[in-house]
Enquirer: 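Attaching a single structure in structure tokens format; questions to follow.
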Amino acid sequence: MSGHSKDEMDSQAGEETPLMQAPGGQPGEYTIPLKGVTPHLGSVPHSALKPGRKSMHEMSNLMEEDQGDLFRSTSIPKRMTKSYSVSADGRIQYRTPLQMSRHELYENIPFTAVFGLQKKERNMSMAVSSYAADLDVLEADQISMARTHKHLSSQEVAMRHSQASLLLLEDLELDNVMVTTPLIFAVIVAAMGQFLVGYNIGVMNAPEGVVFPSHTTAQWSLAVAAFCFGGPFGANYAGQLADTRGRRGAILICTWTFLLGGILQTFAMNMYAIIGARFIIGIASGISTVIVPIYLGELAPPTLRGTLGTLTQFALVVGILIADCFAFPFATHDKWRALFAVTGIVALLQLLCAPWLLESPRWLLSKKPASRKARYIIKKLRGLRYDHEVETEVDHFVSALHSQEVSHGGESKTMGFSDMIADKNVRILVVSCFVLQSVQQLCGINAVFYYSTSFFEGVIPNPLIGTTLVGAVNVLATYAALLLMDSCGRRTLLLWSCAGMLLSCVVIVASLLGYFSNITALAAVTTYVIFFEIGLGPIPWLIVAEMFDAKYVATAMSASSQLNWFFNFLVGLIFPYLHKYLGPYSFAPFATVLFLGFMFTAIWLPETHGTTPEELQAELVKKNQSVVYHNMSFVGFGGDDLQQQENLGDAWRHAMDQVRKEEEEAMYNGTYNYGFKPIEKVDEVPAVSGGGFMSGAY
């Protein structure tokens, strides 16, 4: 570990280094800036400090004058004490550098699982590691000055900073690999909801000609669009549902809604029954797109939320592909009901797996900070063994909750839409999000997923092959998008996406007019989907999580979602008429929207400021400029420090061997707890009214 363990801290209680010990017996502060870090007294009121406390700069001066007298007066060994910080209001917080770094991650990374968020997570981890390393170097320089009357050389500063930041990064990245069994099962069960969203996006594509063949164009377009019409209702209600029933309860209600819609659609007697069933499934899909990202974001550690967002996105696109594949055996006059029955079967399976769904500890702590149930769940999700570790994690959750609230008249509340619009620095981001959400749907992507089979009729011999090929390309393009997001800017990807889709639309129209072969039209549709997935697909959602402050994310996502669902409904309703009356020019309106989207991105869309490690670290410095840090050195100074580190490493390895031996014995005896023991006699949280949360549509 890069930070001090609790046992080590306890054993050192009352110990101070000569540098940190003032003549009056009080620890001091340091004030020399390093790389923009200014952890001095600043605006910290002197009344908040104990009498006799000296700054580290003053301590250095005293040592220069009479170092021997100071050492003799204190008679304290050269060891470090607990790390802590004092804020401007006098609050003292005991956190190791690692705990401080994780605390900043909790406060700055939104509690939502968003596809592509990994880049911000990595940049934020680099920023907090570098910030803590600056504090370590600053204190090491003061200690060097006190011992040798010399500052660290530039080479020593660089080496120490690199070592300290790498140590912290290594510990922070453990969250990405130390995934517990309860978290894995909760992710799988919750992701089934997103699979059902994707499945019901694609399930109406193939069976148009076999489901009640006498239906009219208006009836079928209503059946397709009813899914999108129900989405906003579910998304709007989901926020209140999540706040009153809990995240787990909301997921279960969503699953029951999917089951009801699946049963009604499977046993529908006419097209009107299918329209009603699609509306119910749309409500469930709206709830799922709100609840699942929030639920997974609140269960996962900060550095794992982007990964879980990627998994849910893959669940959605795989759902579309499975619907296309199932059309081959089931899109017939006598088997089409089996195609619709999949929704009910998966929903029933999800209900059977409900015991593996743990409640969100963040929600429990927001209702009752002393919740024992929240602590039990945190212990299982993080694989913690000791109560003090659990309490540290609880502190991260509670502090992050407070950082996402705004005070009005002495009362705290979640940021609302009016608060967001009132902030002139945020207003342009809101407009950008609304424009991008509009372009995402009006570019016509869901016309492909809803109607590609009918579109390919007459273009290729078997339209189902074309539809399935597009679905498979969609899955592969999602993976390619994940790779590109790590190396390309968001604005650049949007420009490439709009330009590529625009060119594909032109080729599609030209092919349908006979200028190119039909195979070229199929290839153009696949490139159209590829360019959508690398830009316009994920970025309108990702840009909210990356560019907005964490306190604005839920409100911005909710407002963007309502607009997204509306245009999704509009495209699903009118495309059959565009195809009927415009013929080969049916993609021309989409090309116009893409051209306007390209121009907006090129001219008005703001750059993604504040997302590089350097910019994020500058924000940390600004945020903590009034905080005074103590005893933040964790690398060691050689000699006795290195020997103690080796001794601690041996003790740690011995302890881990003992833990492993105990667990193996418990497994052999059948008494090992894999994380699924029931929670008994713990507090229940009463339902209260709440506001909206993040929602989304594909």
Enquirer: Any side-chain heavy-atom pair from L296 and R305 closer than 4.5 angstrom?
Expert: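 The answer is no, as the side chains (C-beta and beyond) never meet within the 4.5 Å cut-off.
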
Enquirer: For the residue pair L117 and G306, what are the closest heavy atoms and their distance?
Expert: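 Closest heavy-atom pair between L117 and G306: CB-CA, 3.7 Å.
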
Enquirer: Can you confirm whether the side chains of T310 and Q118 place a donor and an acceptor under 3.5 Å from each other?
Expert: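 The criterion, which ignores hydrogens and geometry beyond distance, is satisfied for Q118 and T310.
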
Enquirer: If you compare all heavy atoms of T601 against all heavy atoms of R491, which two are closest, and at what distance to 0.1 Å?
Expert: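 Scanning both residues, the minimum pair turns out to be O-NE, 3.1 Å.
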
Enquirer: Quick one: does L299's side chain get under 4.5 Å of P361's, heavy atoms only?
Expert: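 Heavy-atom side-chain distance check passes, below 4.5 Å.
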
Enquirer: As a quick check of understanding, evaluate side chain to side chain contact (heavy atoms under 4.5 Å, CB included) for Q163 and L167, giving each step before the final call.
Expert: CA-CA 6 Å; Q163 183 182 5; L167 280 172; 4.3 Å; yes

Enquirer: Apply the test side chain to side chain contact (heavy atoms under 4.5 Å, CB included) to residues L482 and F115: give CA-CA distance (whole Å), side-chain angles for both, the deciding distance (0.1 Å), then the verdict.
Expert: CA-CA 8 Å; L482 181 64; F115 176 68; 4.1 Å; yes

Enquirer: Could you check whether any side-chain N or O of S497 sits under 3.5 Å from a backbone N or O of L493, counting only pairs where one atom can act as donor and the other as acceptor?
Expert: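 No, the answer is negative, given that no donor and acceptor are paired below the 3.5 Å cut-off.
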
Enquirer: When rounded to the nearest 0.5 angstrom, what distance separates SG in C498 from CG in L536?
Expert: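 The SG atom of C498 sits 4.0 Å away from the CG atom of L536.
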
Enquirer: About how many Å separate CD1 of I534 and CG of L483, when rounded to the nearest 0.5 Å?
Expert: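 The distance works out to 11.5 Å.
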
Enquirer: Does the pair H396 and E393 meet the rule for a side chain to side chain contact (heavy atoms under 4.5 Å, CB included), with working shown?
Expert: CA-CA 5 Å; H396 297 333; E393 199 75 5; 3.9 Å; yes

Enquirer: Hey, is the main chain of H151 close enough, under 3.5 Å, to the side chain of S144 for a donor-acceptor pair?
Expert: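 Checking the backbone N and O of H151 against the side chain of S144, no donor-acceptor pair under 3.5 Å is found.
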
Enquirer: Could you tell me which non-hydrogen atom of G535 sits nearest to which non-hydrogen atom of P540, and how far apart they are?
Expert: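 Smallest heavy-atom distance, with atoms named: O-CD, 3.7 Å.
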
Enquirer: Could you list the residues that satisfy side-chain hydrogen bond (donor to acceptor under 3.5 Å, both in side chains) with Q93, not counting sequence neighbours?
Expert: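 Per chain and number, Q93 pairs via side-chain hydrogen bond (donor to acceptor under 3.5 Å, both in side chains) with R95.
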
Enquirer: State, with a plain yes or no, whether a side-chain heavy atom of Q313 is found less than 4.5 Å away from one of P538.
Expert: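 Q313 does not reach P538 side chain to side chain.
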
Enquirer: Taking all atoms of both residues into account, what is the closest heavy-atom pair of T312 and V292, and its distance?
Expert: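 Looking at all heavy atoms of both residues, the closest pair is CG2-CG1, 3.9 Å.
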
Enquirer: Evaluate the side-chain proximity of L494 to L436: yes if any heavy-atom separation is below 4.5 Å, no if none is.
Expert: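 Yes - at least one pair of side-chain heavy atoms lies under 4.5 Å apart.
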
Enquirer: Are any side-chain N or O atoms of S130 and backbone N or O atoms of M126, one a donor and one an acceptor, separated by less than 3.5 Å?
Expert: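 Answer holds: no.
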
Enquirer: Does the side chain of T303 reach to within under 4.5 Å of the side chain of S125, using non-hydrogen atoms?
Expert: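 In short, these two side chains touch, coming nearer than 4.5 Å.
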
Enquirer: Measuring from L183:CG to I377:CD1, what's the distance to the nearest 0.5 Å?
Expert: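 Separation between the atoms: 12.5 Å.
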
Enquirer: Check whether more than 12 heavy atoms from other residues, nucleotides or ligands sit under 6.0 Å from atom CD of E391, and answer yes or no.
Expert: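 Yes.
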
Enquirer: Could you report the tightest heavy-atom contact between R375 and V394, atom names first, then the distance?
Expert: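 Taking R375 first and V394 second, the nearest heavy atoms are NH2-CG1, 3.6 Å.
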
Enquirer: Is any side-chain heavy atom of M485 less than 4.5 Å from a side-chain heavy atom of L542?
Expert: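 They are in contact (side-chain heavy atoms under 4.5 Å apart), so the answer is yes.
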
Enquirer: Decide yes or no for K380 and T180: does some side-chain heavy atom of the first lie under 4.5 Å from some side-chain heavy atom of the second?
Expert: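 Side chain of K380 against side chain of T180, heavy atoms only: no contact under 4.5 Å found.
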
Enquirer: Working to the nearest 0.5 Å, report the span between SG of C488 and CG of L495.
Expert: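 Answer for the SG-CG pair, C488 versus L495, is 11.5 Å.
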
Enquirer: Where do L365 and F397 come nearest, in terms of heavy atoms and distance?
Expert: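 For L365 versus F397, the nearest heavy atoms are CD1-CB, 3.6 Å.
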
Enquirer: Classify the ring geometry of F600 against W604: parallel below 30°, tilted from 30° to 60°, perpendicular beyond 60°.
Expert: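 The rings of F600 and W604 sit tilted, inter-plane angle from 30° to 60°.
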
Enquirer: If you measure from the Lys or Arg side-chain nitrogens to the Asp or Glu carboxylate oxygens, is any gap between E389 and K379 under 4.0 Å?
Expert: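 Salt bridge absent between E389 and K379.
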
Enquirer: Under 3.5 Å, is there a donor on one side chain and an acceptor on the other for Y94 and Q99?
Expert: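 Side-chain D/A pair, Y94 to Q99: absent.
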
Enquirer: Taking the six-membered ring for Trp, are F314 and Y479 parallel (under 30°), tilted (30 to 60°) or perpendicular (over 60°)?
Expert: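 Ring orientation of F314 relative to Y479: tilted.
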
Enquirer: Working note: L384 + I378, criterion side chain to side chain contact (heavy atoms under 4.5 Å, CB included); need CA distance, chi angles, decisive distance, verdict.
Expert: CA-CA 8 Å; L384 305 177; I378 288 173; 4.3 Å; yes

Enquirer: At what distance, to the nearest 0.5 angstrom, does OG1 of T392 lie from CZ of R102?
Expert: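 Here the rounded value is 9.5 Å.
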
Enquirer: Rounded to the nearest 0.5 Å, what separates atom CZ in R362 from atom CD1 in I294?
Expert: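 Here the rounded value is 8.5 Å.
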
Enquirer: Does the side chain of R122 reach to within under 4.5 Å of the side chain of E173, using non-hydrogen atoms?
Expert: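 No, side chains not in contact.
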
